[in-house]
Amino acid sequence: MKKTNSLYRLSFRGETAKGSPIERFATTILNAKNILEEPGLKLCQLEDGTLLEFYGTGSFPPENMFKNGNTVISFRVPDLQQSLDRLLNEGARLVADIKFPRSGFAFCHVQLKDDQIIGLFEER
């Protein structure tokens, strides 16, 4: 897979993970395919590979992820540390430590100067 900057994941928080208006739009209009469903969380994927996460009651999203809103946009970047350093130099703040859930994959959430939280992901 080419390592470029791209939209990677959209995360939504609502009352329920399944059946929310945005989840229904994604599955019925955008034809998002269900790839995981558990209590409080539904994960779908669009044809282009973009992941859609729907968090509801009983889910455990990453710490502070929805601190300032119910939607978080995450981007794939070719070099997580370099991208993070550039954002920090522009006044952003790392919300929690960089996570390495599996070999070759890292992510973090960053709060921008306008308080918007975004996610950054790197796959090697």
Side-chain angles (χ1 to χ4, degrees):
M1 178 179 296
K2 188 176 177 184
K3 295 180 182 178
T4 61
N5 297 334
S6 62
L7 184 63
Y8 180 73
R9 180 179 299 197
L10 297 167
S11 303
F12 305 95
R13 178 179 61 180
E15 294 285 321
T16 62
K18 185 177 181 179
S20 70
I22 191 74
E23 184 269 339
R24 285 192 306 275
F25 169 76
T27 56
T28 60
I29 305 300
L30 301 179
N31 296 317
K33 301 298 179 214
N34 189 21
I35 58 174
L36 172 74
E37 195 167 340
E38 56 186 47
L41 175 65
K42 182 173 182 178
L43 182 62
C44 298
Q45 190 167 34
L46 298 175
E47 265 187 34
D48 69 359
T50 301
L51 296 175
L52 304 174
E53 296 178 323
F54 303 97
Y55 290 92
T57 303
S59 65
F60 299 98
E63 182 182 349
N64 293 317
M65 184 169 164
F66 295 112
K67 178 181 175 186
N68 296 319
N70 291 328
T71 304
V72 174
I73 301 171
S74 299
F75 301 90
R76 178 182 288 124
V77 293
D79 186 319
L80 179 65
Q81 191 61 57
Q82 182 182 52
S83 299
L84 181 58
D85 290 344
R86 290 177 74 182
L87 285 170
L88 295 175
N89 284 336
E90 293 179 16
R93 183 180 71 79
L94 186 62
V95 175
D97 293 336
I98 297 173
K99 306 282 189 229
F100 302 90
R102 69 175 197 267
S103 178
F105 185 81
F107 76 91
C108 67
H109 289 94
V110 178
Q111 185 172 5
L112 303 176
K113 285 174 61 172
D114 67 356
D115 288 335
Q116 178 69 39
I117 293 181
I118 62 167
L120 299 176
F121 289 79
E122 177 184 349
E123 285 188 270
R124 295 180 187 180

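- Taking the side chain to side chain donor-acceptor pair (under 3.5 Å) definition, one finds that Asp97 meets it with nothing, sequence neighbours left out.
- The shortest heavy-atom contact between Leu88 and Ala92 is CD2-O, 3.3 Å.
- Atoms CG and CG, on Asp79 and Leu120 in that order, are 11.0 Å from each other to the nearest 0.5 Å.
- His109 approaches Val72 most closely through the heavy-atom pair CD2-CG1, 4.2 Å.
- Residues passing the side chain to side chain donor-acceptor pair (under 3.5 Å) test with Ser20, sequence neighbours excluded: none.
- In this structure, the separation between OG1 on Thr27 and CG on Leu46 is 10.5 Å, given to the nearest 0.5 Å.
- Looking at residues two or more places apart in sequence or on another chain, you find a ring-ring contact (aromatic ring centres under 6.0 Å, His included) between Phe66 and Tyr55.
- We find the CG-OG distance between Leu43 and Ser11 to be 9.0 Å, quoted to the nearest 0.5 Å.
- Nearest heavy atoms, Glu53 versus Met65: OE1-CE, 3.8 Å.
- In this structure, Cys108 SG and Leu94 CG are separated by 5.5 Å, a value rounded to the nearest 0.5 Å.
- Contacts of Asn34 classified as side chain to side chain donor-acceptor pair (under 3.5 Å), with partners at least two apart in sequence or in another chain: Glu37.
- The only member of Ile117, Leu87, Asn68 that meets side-chain contact (heavy atoms from CB on, under 4.5 Å) when paired with Leu112 is Leu87.
- Sorted by first then second residue, the ring-ring contact (aromatic ring centres under 6.0 Å, His included) pairs that include residues 10-53, not counting sequence neighbours, are Phe12-Phe54.
- Atom-to-atom distance recorded for Arg9:CZ and Arg76:CZ is 10.0 Å, nearest 0.5 angstrom.
- Between Tyr8 and Leu51, the closest side-chain pair of non-hydrogen atoms falls below 4.5 Å.
- Residues Thr28 and Asn31 approach most closely at O-OD1, 3.9 Å, considering heavy atoms.
- Gln45 pairs by the side chain to side chain donor-acceptor pair (under 3.5 Å) definition with nothing, not counting sequence neighbours.
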